[in-house]
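The basis for the numbers below is simple: all heavy atoms, side chains too, and nothing from hydrogens, waters or symmetry mates. First listed ligand is number 1; within each ligand, the first listed atom is number 1. For the single chain, residues carry numbers from 1 onward in sequence order.
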Amino acid sequence: MRTQELVERPHSVDVPEEMQGSVYHQEGNTYGSKKFYIESYGCQMNFSDSEIVASILSKEGYSSTADIFEADLVLINTCSVREKAEDTIRKRLEYYKQVKKTNKDMLVGVLGCMAERMKKALLEEEKLVDIVVGPDAYRDLPNLISRSAEGSRQINVLLSREETYADISPVRLDSNGVSAFISIMRGCDNMCSFCVVPFTRGRERSRDAHSIVSEAQDLFNNGYREVTLLGQNVDSYKWKSADGNEHVNFAELLEMVAKINPLLRIRFSTSHPKDITDDVLYTMAKYENICKYIHLPVQSGSSRILRLMNRTYDADWYRSKVNRIYEIMPDCAISSDIIAGFCTETEEEHRESVKMIDFAKYTMSYMFYYSERPGTPAAKKLPDDIPNEVKIRRLNEIIEKQREVSAAVNKQDEGKTFKILIDGLSKKSDSQMKGRTTQNKVVVFDIHPYYKIGDYAMVKITGSTTATLFGEIIPEKN
Ligand code: SAH
Ligand code: SF4
Ligand code: F3S
């Protein structure tokens, strides 16, 4: 439905995960004779996984291509989080069917969460799919590819309690050479009632802390200046060495990565409000290079709805967490995820979500209306009883409030000077560059001859919109 498409797009420059389809290709990787083409959908974890897949394939002699028509292998890394995400994937599979008519030997593989959720049914439903691989089975890809090239369709959707791909060096795809993702854990042990992720990603497990630090160090040595530590719930990161002598929690991991070099910025995502500790907040405050930005999804502003969602905190508890963050780091930015129209939500409860945006002063939010996912606790136990048009109207009210708050908090930045990391050229103008503040706000400014991508610069903010700050460089170099 058109209106749904329009309203589900959030106001900010950050596009909701499932809409960020991206074609990956690696320049200059010409050593393989066979070519793969990969598209990724969903959250950052999926984008990071595609880099692991690229690494596994490059060891098999594959090189990547951005041209689907010259690919021997077409892969799509999929998301199941909302129905619309899966619809997008189905449309892409339709398109691949057309492409396959021009290249009968081309293999099509479905990776990621939809592969895991649908398993064999995907092979039955989508006749052109040759390979189905779940998120914990990517090491098996070479076997599955060679067997499917012999003519039989292949599937591996086994979930693992140990797999973290710790020893695999991701091949950086579509990279700006400045920022990279590092996956620090996999899976999720929470059971938010609306969410399909625990079913598609399996049990939570943390990656060897030293492999994380050495990946970050390598990135820094190669010129990268920002890493984002990724997990569904990074604050519950907990790693123990095999001999049991060494224990590392998230605050300690943050410190280990922060110490690599003051010029390396550290971000992380996502924080579950129930798990973020004072230790994490104090560690953030202690290191200038740990960015003052927390994505702290509230999901709903109503305690009754939060209970139905099984989020394990209530609205007051969340508000006190927000207060604590601002108390320890007054300059910290907070963003959120909000779901409109969850099962049985009343108008009054909806208004509590709207109010939470004002209270927490989110710089931005990802906003969705509830989409029932098969097999989740909510699908089993709760009625999806809010009519579509009501969900859409509530979502629009949430988006409107977030716009207002984003505009107001951005306006307050005008006249101030921020240290930004320059990460690319402006999409809209050849004569402008862009970067981010520690608070993760995008700043656009005129190109300056002394500054290039990957440099830090002081920028004075001269204007703002709901999604972007505009400014000018205050040169420090000469
Ligand atoms: N691990 C992260 C979120 C992962 S999914 C966390 O706990 O915050 C990303 C977001 O998608 C969620 O925060 C939620 O807002 C949204 N989402 C998940 N399932 C959904 C559903 N069934 N309908 C609508 N939105 C959903
Ligand atoms: Fe889903 Fe909740 Fe886990 Fe996030 S914490 S991935 S919302 S179950
Ligand atoms: Fe989607 Fe899977 Fe991420 S369901 S949001 S790609 S963990």
Side-chain angles (χ1 to χ4, degrees), residues 4 7-8 10 14 16-22 39-50 76-86 88-89 110-118 134-136 159 181 183 185-204 230-236 268-276 294-300 305-306 308-313 318 334-343 345 353 362 365-379 382 384 386 391-392 394-395 398:
Q4 284 186 1
V7 289
E8 199 163 333
D14 292 285
E17 303 96 316
E18 78 268 24
M19 290 181 181
Q20 296 175 342
S22 168
E39 275 180 29
S40 304
Y41 294 82
C43 63
Q44 291 164 340
M45 298 288 299
N46 253 15
F47 285 71
S48 166
D49 280 1
S50 291
I76 183 161
N77 200 350
T78 61
C79 175
S80 282
V81 79
R82 285 168 287 277
E83 197 177 352
K84 229 169 143 277
E86 292 197 349
T88 308
I89 309 290
V110 178
L111 317 177
C113 292
M114 196 171 164
E116 192 63 50
R117 191 182 79 75
M118 296 190 60
D136 286 347
L159 287 172
F181 297 130
S183 175
M185 59 203 297
R186 300 182 71 80
C188 181
D189 279 355
N190 295 317
M191 265 288 171
C192 304
S193 62
F194 51 79
C195 185
V196 78
V197 173
F199 303 94
T200 61
R201 292 266 164 179
R203 298 305 297 269
E204 183 180 291
L230 289 183
Q232 292 300 348
N233 185 10
V234 287
D235 298 274
S236 70
F268 55 88
S269 185
T270 299
S271 293
H272 192 299
K274 78 175 162 61
D275 291 318
I276 190 161
I294 302 176
H295 186 57
L296 195 73
V298 69
Q299 311 298 358
S300 167
I305 294 295
L306 286 168
L308 291 180
M309 288 177 162
N310 196 27
R311 287 291 285 184
T312 70
Y313 53 84
Y318 183 90
I334 305 178
S335 61
S336 194
D337 293 348
I338 304 170
I339 299 177
F342 187 66
C343 313
E345 183 188 70
S353 292
Y362 298 131
S365 292
Y366 294 107
M367 297 158 284
F368 316 99
Y369 58 78
Y370 174 57
S371 163
E372 186 177 83
R373 307 309 294 135
T376 54
L382 299 167
D384 181 13
I386 308 300
K391 284 182 181 173
I392 292 169
R394 288 182 188 171
L395 177 61
I398 288 172

contact_flag Asn233 ligand 1 heavy-atom lt 4.0 Å: no
Side-chain donor or acceptor of Asp189 paired with backbone N/O of Glu204 under 3.5 Å: yes
Sub-4.0 Å heavy-atom contact, Tyr369 with ligand 1: yes
Worked check of side-chain contact (heavy atoms from CB on, under 4.5 Å) between His295 and Ser335: CA-CA 5 Å; His295 186 57; Ser335 61; 2.7 Å; yes
Ring pair (Phe, Tyr, Trp, His ring centres under 6.0 Å) partner of Phe342, the single match among Tyr369, Phe368, Tyr370: Tyr370
Sidechain N-carboxylate O distance under 4.0 Å for Arg203, Asp136: no
Residues which pass side-chain contact (heavy atoms from CB on, under 4.5 Å) with Pro377, listed by chain and number, not counting sequence neighbours: Met191, Ser193, Phe199, Lys381
Ligand 3 contact on Arg201 by region, counting heavy-atom pairs under 4.0 Å: side chain
Any N or O of Thr270 closer than 3.5 Å to N or O of ligand 1: no
Backbone or side-chain N or O of Ile338 under 3.5 Å from ligand 1 N or O: no
4.0 Å heavy-atom contact, Arg311 with ligand 1: yes
Polar protein atoms near atom 2 (Fe) of ligand 2 [N, O or S; cut-off under 2.8 Å]: Cys192 SG
Matching residue for Met45 among Cys113, Ser183, Ser50 - test: side chain to side chain contact (heavy atoms under 4.5 Å, CB included): Ser183
Main-chain N/O of Gln232 paired to Arg201 side chain as donor or acceptor, under 3.5 Å: no
Presence of N, O or S from Cys113 under 2.8 Å of atom 3 (Fe) of ligand 3: no
